[in-house]
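Working notes, structure below.
Please read all numbers here as calculations on a predicted model, not as lab measurements.
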Amino acid sequence: MAGSGQNRMNGAGKVKQYMRNKEKRWEIGLMGFCLLFYLIFPFLDGPVWCVDSNSYAAMDITREPLYPTFLWIFRRMFGEGNYLWPVVAVQSVLAAYGSWKLAVTVKGYKEDSRVLAVSAVCFQIGVVLLNRFVARRGSSYTVSIMTEGLGFPLYVLFLVQLYKYMMERKGRNLAGTAVLAVLLVSLRKQMLLTLCLMAVVFILYFLIKKREGKKLLGLLLLTVLLLAAGKGADRLYNYMVRGRWVEHAGNSMGVLCTLIYTSGDEDERLFRDETLKQFYTEINRQAGGEGCKMSYAPKDSMGLMTHYADSYDVIGYGMINPVIQGYIRQHGDGDPVHAALQYDEYCGGMVKALLGQEKGNLVRVVLANIGEGFVNSVARVHRVLNVYAVLAYLLYIGLYIRGIVVRKNWRKPDATQTFAEIVLLGLAINCGVVGVTIFSQPRYMIYSMGLFYCALTMLLYDEIKYLAADKA
């Protein structure tokens, strides 16, 4: 009898081991598929040199440190004429790994559902296909010499690590979240959204849901330290490259473009500094002459956003830069670092002054910009797709609320609910960050696109299970 029981236990153990091995083989096969897909594009398109690429390769002071350093490492390894293809190959492998990691993480929390794993990969792939074959740019970001080549997969990995930490509360997942957040902040300033997302998620879970005050304070302190680490890395990079302990330049120009766009002739009165007033008078005159002021925009929201987007770079690169940089060249000492710092000082001074303008135009532009960001995060701004986007968000939120009602325990972590919360919070914060600093073009908004549909599929999966259980 004892021998028979032992044999049954051994048999059950062998079955479990067989099933585990079978799942591992399936996951390895999924990784192979991801690699095969993403590595097509380096061979199909090769490295894609973009408008901004030279500023990264030249380690321009206006750029955050991570991507220029990334390119520099490959130049040192492969030489000036041969380094770009290895760069996009590594970007493609990282994108493949990010898609795979998202899929197996969701699969692990959702009863080893292969359907959800495959859908997670397919949504990430879908974003790539849209960029390559549907969007006007005609290339994938994975093979572009741009921060997005690293930014998209790193953001997916960051969100996965944050999700795992909220589900398991293990230190290694928090450490992974922290490292990825610092990398992303060092990649582009838009990625400050990662620290905002961490803070909001921690407040949601450790104040509103769990009410663990001490834990929350420690995590918020960590978030502040990560911000300091990002700024320290920025300064260290510029010290190594330029011998100056300064952060990268050019942070105020984006907001200044918007403030000039929404301002009027009467706002000259806001300037106390005569030099800044002269800058504004000339830039405002040029913007008015080119029809790049809000007063020239159509009255409807879509027309306003199109006009704003078309005017943004014209104001920034065609007016602000020539006027202010021309003045600095004429009156400066010729030191490029000092010139960049002076440029920031002048732009920052103009921003402070123009924030005193009447807020009606500014609020309208920002709100319309944020609204466009929400649409571009899940679709593309278009009269039909705008309606689709609203319906997609309503479905997402409706299924999320339905899940809360069915579970009857909102405070307890749940694989689907937690993922849906983190994804939607990240999407909303990104819309806010981009909406107040620059126009919401798809390039800045699609970080959450594949993740949104992955979360929506998980919500639908749970709803189908609920309905099937009710019928049973």
Side-chain angles (χ1 to χ4, degrees), residues 102 106 116 119-137 140-141 148 151-152 155-156 159 190 193 196-197 200 258 297-310 312 363-404 416-417 419-463:
L102 172 65
V106 169
L116 290 178
S119 67
V121 168
C122 287
F123 289 128
Q124 296 301 116
I125 285 176
V127 175
V128 175
L129 293 176
L130 285 173
N131 289 323
R132 175 60 180 84
F133 296 106
V134 179
R136 286 178 295 178
R137 71 186 315 274
S140 165
Y141 285 113
E148 285 79 5
F152 289 143
Y155 182 73
V156 171
L159 194 133
Q190 176 191 354
L193 79 92
C196 296
L197 177 58
V200 171
T258 302
K299 299 303 180 184
D300 65 291
S301 181
M302 284 185 62
L304 170 62
M305 284 297 94
T306 299
H307 185 264
Y308 170 63
D310 290 341
Y312 186 92
V363 169
R364 185 183 168 207
V365 167
V366 169
L367 290 179
N369 205 19
I370 290 173
E372 184 174 88
F374 272 100
V375 175
N376 279 335
S377 295
V378 299
R380 185 74 169 88
V381 170
H382 182 276
R383 295 196 183 279
V384 174
L385 294 178
N386 292 349
V387 176
Y388 161 79
V390 171
L391 294 176
Y393 283 115
L394 289 175
L395 177 62
Y396 188 106
I397 294 169
L399 289 171
Y400 169 74
I401 294 172
R402 160 78 169 165
I404 292 174
T416 298
Q417 297 278 303
F419 189 73
E421 288 165 350
I422 294 173
V423 167
L424 191 59
L425 285 171
L427 187 155
I429 291 169
N430 188 41
C431 290
V433 169
V434 174
V436 299
T437 55
I438 194 171
F439 61 98
S440 300
Q441 62 171 306
R443 170 186 167 188
Y444 305 134
M445 309 315 305
I446 59 176
Y447 285 86
S448 296
M449 182 177 284
L451 295 165
F452 175 87
Y453 289 106
C454 178
L456 181 57
T457 304
M458 292 169 69
L459 289 165
L460 286 167
Y461 176 87
D462 282 2
E463 179 63 17

What's the separation between atom CD in E372 and atom CG in L367, rounded to the nearest 0.5 Å? 13.0 Å
What distance separates L425 CG from I429 CD1, expressed to the nearest 0.5 Å? 6.0 Å
Side chain to side chain, N386 and V381, heavy atoms closer than 4.5 Å: yes
When you check the side-chain N and O atoms of T416 and D462, is any donor under 3.5 Å from an acceptor? yes
I need the minimum non-hydrogen distance between Q417 and G403, along with the two atoms involved. NE2-CA, 3.5 Å
Out of curiosity, I397 CD1 to L395 CG, how far, rounded to the nearest 0.5 Å? 10.0 Å
Please walk me through it: do L116 and M458 pass side-chain contact (heavy atoms from CB on, under 4.5 Å)? CA-CA 7 Å; L116 290 178; M458 292 169 69; 4.2 Å; yes
Heavy-atom closest contact (I370 atom, C431 atom, distance): CG1-O, 3.7 Å
How about V106 and L102: do any of their side-chain heavy atoms sit closer than 4.5 Å? yes
Do L130 and I446 have side chains that approach each other closer than 4.5 Å (heavy atoms only, starting at C-beta)? no
Taking the side chain as every heavy atom from C-beta outward, state whether V134 and R380 have any pair of such atoms under 4.5 Å apart. no
Between N430 and Q190, a side-chain donor and acceptor under 3.5 Å: yes
Please verify the inter-ring angle class for Y396 with F452; under 30° counts as parallel, over 60° as perpendicular, anything in between as tilted. parallel
Got a second to check how far F439's CZ is from Y312's OH, nearest 0.5 Å? 7.5 Å
Here the pair of heavy atoms bringing R132 nearest to S140 is CD-N, 4.0 Å
Side chains of S440 and F374: does their closest heavy-atom pair fall under 4.5 Å? no
Can you give me the closest heavy-atom contact between V378 and L427, atom names plus distance? CG1-CD1, 4.2 Å
Which value, rounded to the nearest 0.5 Å, describes the distance between R383 atom CZ and D300 atom CG? 5.5 Å
Can you tell me how far apart SG (C454) and CG (L159) are? Round to the nearest 0.5 Å. 9.5 Å
Is V127 close to F152 at the side-chain level, that is, under 4.5 Å between some pair of heavy atoms? no
At their closest point, which heavy atom of L451 faces which heavy atom of F419, and how far apart are they? O-CE2, 3.9 Å
Side chains of R443 and Y141 in contact at under 4.5 Å (non-hydrogen atoms): yes
Scanning both residues in full, the closest heavy-atom pair of T457 with S119 reads CG2-OG, 3.7 Å
Any side-chain donor paired with an acceptor under 3.5 Å for T258 and Y308? yes
A side-chain contact here means heavy atoms from C-beta on lying under 4.5 Å apart; do Y444 and V433 qualify? no
